[in-house]
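Just so it is clear, the structure is predicted and the values come from calculations on it, not from any experiment. Throughout, protein chains are lettered first and strands after them, A, B, ... in sequence-line order, and every chain is numbered starting at 1.
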2 protein chains.
Amino acid sequence: MARNRLLGDPTPVYFKLQTEIQKKIENSQWAPGQRILAERTLAENYKVSIGTVKKALLNLVQEGYLYRIQGKGTFVAGTTLRPESLRYYRFLRNFTDDEADLKIKLLKIKRIKGRQPHNRYLKIRSHQNLYELKRLFFYKQTPIVYSISYLPQKMFKNLHEFPIHLFEKVTLYEALEKKYGVPTLYNQQLFGAALTDNLTAKLLQIENGKALLFIEMLSFTYKDKPYEYRESYCVTDERKVFNEI
Amino acid sequence: MARNRLLGDPTPVYFKLQTEIQKKIENSQWAPGQRILAERTLAENYKVSIGTVKKALLNLVQEGYLYRIQGKGTFVAGTTLRPESLRYYRFLRNFTDDEADLKIKLLKIKRIKGRQPHNRYLKIRSHQNLYELKRLFFYKQTPIVYSISYLPQKMFKNLHEFPIHLFEKVTLYEALEKKYGVPTLYNQQLFGAALTDNLTAKLLQIENGKALLFIEMLSFTYKDKPYEYRESYCVTDERKVFNEI
DNA sequence: GCTCATTTGTTCGTATGTATC
DNA sequence: TGATACATACGAACAAATGAG
């Protein structure tokens, strides 16, 4: 009977509930993996019908904040990028090829002063410091990607003290979500081409003057907050970088 | 009361209805833009409750088959009706830049014999013939993309007889949807880097030996049917190709 | 500018099916 | 087996937007 809307507030009840839950997830009051209250319980607590609770929850499932398992419950989700696209990056010979399995090697992690345009992309002030991660991605002993990541020090305290294998065994995404509760919700990329310089030629073991795929990437977590800016140089002679939209 | 499910068929009623409507859209019985029957009418026709019809329709909205306007009705969607998501490449100087507006020039359209790997990507037999479209994309008089598209002749009969401005004034997507009822649902891309050869250097008005962004693209319509394979060469000195996932 | 029929949007409540442990 | 939790389905009432008259 829409009892809750008689006072002239046009915001639907389900949307208010949805927003409340979303906020609890965004500010980490409810952590990824955690089971939340049951439909009925929520309905009783908020004094709304089960159907209204269902609508709020299903919307949040659709937006990637929650997932539900019949008979078990409703749970807070983590990184919402499809696991395939998360595996960084996906290298294929052609459209019908299988994905190549890459190994990661951490070259260096260090703390650096803030710089531009990095800090601007990350939406932090220019005096805020950064972590710089340099990594190589290998396909069967052959290096094919050289990437440099920049992360706000303030957001990832003591990142440099973690064991190195953390950045080699799992993706950076998984590591950051597990250690800092920062799930990846979406990311933006800029694709370009560049010629090899001395450094990249040496690291990627190719001759100078070859064409490289150059990717700039910004990864976002809750509240459209960018938390990583990454530059990658890719050898695409054999395999190319796959994307689906 | 689930009357329709007493006979042991585990398929939900809403899902059957959803599938029926989806098929009508896929085989063009219901065309993009067309209004479909009202909720109540569908409920009466199929002898199910309004809630069940609603669920089926909302699922199809979410999958992009339909859109709904309160007070007007439920309509069949198409590519044209979701402009932002499936645009041509978007060219930006950096992450905070605005999108550059590109002009298109059709260089040539001709019928060619089928070839590999094109026909394999398009999932058609190797003897089936193709259309080949060569186009240049300009940003303020400066050419920045050279693209070659391949389309199955069988699927797009008489494509070469359409006026040229059709391929210059609107995107290829819109043209194909309007003329052949083939909306674009998603596409796949492979990104690589290449060095300029004589042809591309001349067309793109740059010197030989520069690095170009090379994009292979496959566009899909209903039933995961690929209908266009495209190769693009992009000058990314000033602007880069944007993507968001 | 107003009214009215149509259509979708929101909310309620109930009953039953089905998966999990 | 039973308790719990989500999924499906029904139907009613009212709100809000649209467009025609």
Integer-rounded Å distance: [N] [atom2] and [X] [atom1]:
X	N	atom1	atom2	value
B/Tyr67	C/dT7	OH	P	16 Å
A/Leu58	D/dC6	CG	P	11 Å
B/Tyr46	D/dA9	OH	C1'	18 Å
A/Lys55	D/dA7	NZ	P	16 Å
B/Ile50	C/dT14	CD1	C1'	18 Å
A/Lys47	C/dG13	NZ	C1'	16 Å

> If we fit an axis to the first five pairs and another to the last five of the helix from C/dC2-D/dG21 to C/dC21-D/dG2, what angle do they make, to the nearest 10°?
Replying inline: 20°
>> Going by the rule ring-ring contact (aromatic ring centres under 6.0 Å, His included), which residues pair with A/Phe220 if we only count those two or more places apart in sequence or in a different chain?
In response: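 Expected list: A/Tyr186.
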> ring-ring contact (aromatic ring centres under 6.0 Å, His included) with A/Tyr131: which residues, sequence neighbours excluded?
Replying inline: A/His160
Distances for protein N or O near nucleotides 1-5 of chain D N or O, under 3.5 Å:
residue: D/dA5; atom: OP1; partner: A/Arg35; partner atom: NH2; Å: 3.4

The criterion is side-chain hydrogen bond (donor to acceptor under 3.5 Å, both in side chains); which residues satisfy it with [X], sequence neighbours excluded?
X	answer
B/Glu44	none
B/Arg120	A/Thr96
A/Glu26	A/Gln22, A/Tyr65
B/Tyr180	none

>> Measuring from atom CG of B/Leu60 to atom CD1 of B/Ile21, what distance do you get when rounded to the nearest 0.5 angstrom?
In response: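 Answer for the CG-CD1 pair, B/Leu60 versus B/Ile21, is 6.0 Å.
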>> Quick test of your reading of the model: are B/Arg230 and B/Glu216 salt-bridged, counting only N-O distances below 4.0 Å?
In response: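 Result for this pair is no, no salt bridge flagged.
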> Mapping A/Leu57 and B/Tyr14 onto DNA chain D by nearest heavy atom, which one lands closer to the 5' end?
Replying inline: A/Leu57
> For A/Arg35, which residues count as a side-chain contact (heavy atoms from CB on, under 4.5 Å) partner, sequence neighbours excluded?
Replying inline: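 For A/Arg35 the side-chain contact (heavy atoms from CB on, under 4.5 Å) partners, ignoring immediate neighbours, are A/Phe75.
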> Contact class for B/Lys54 (heavy atom, under 4.0 Å): base, sugar-phosphate, or nothing?
Replying inline: base
>> Does a side-chain N or O of B/Thr52 approach OP1 or OP2 of D/dC10 to a distance below 4.0 Å, or not?
In response: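 Result: yes.
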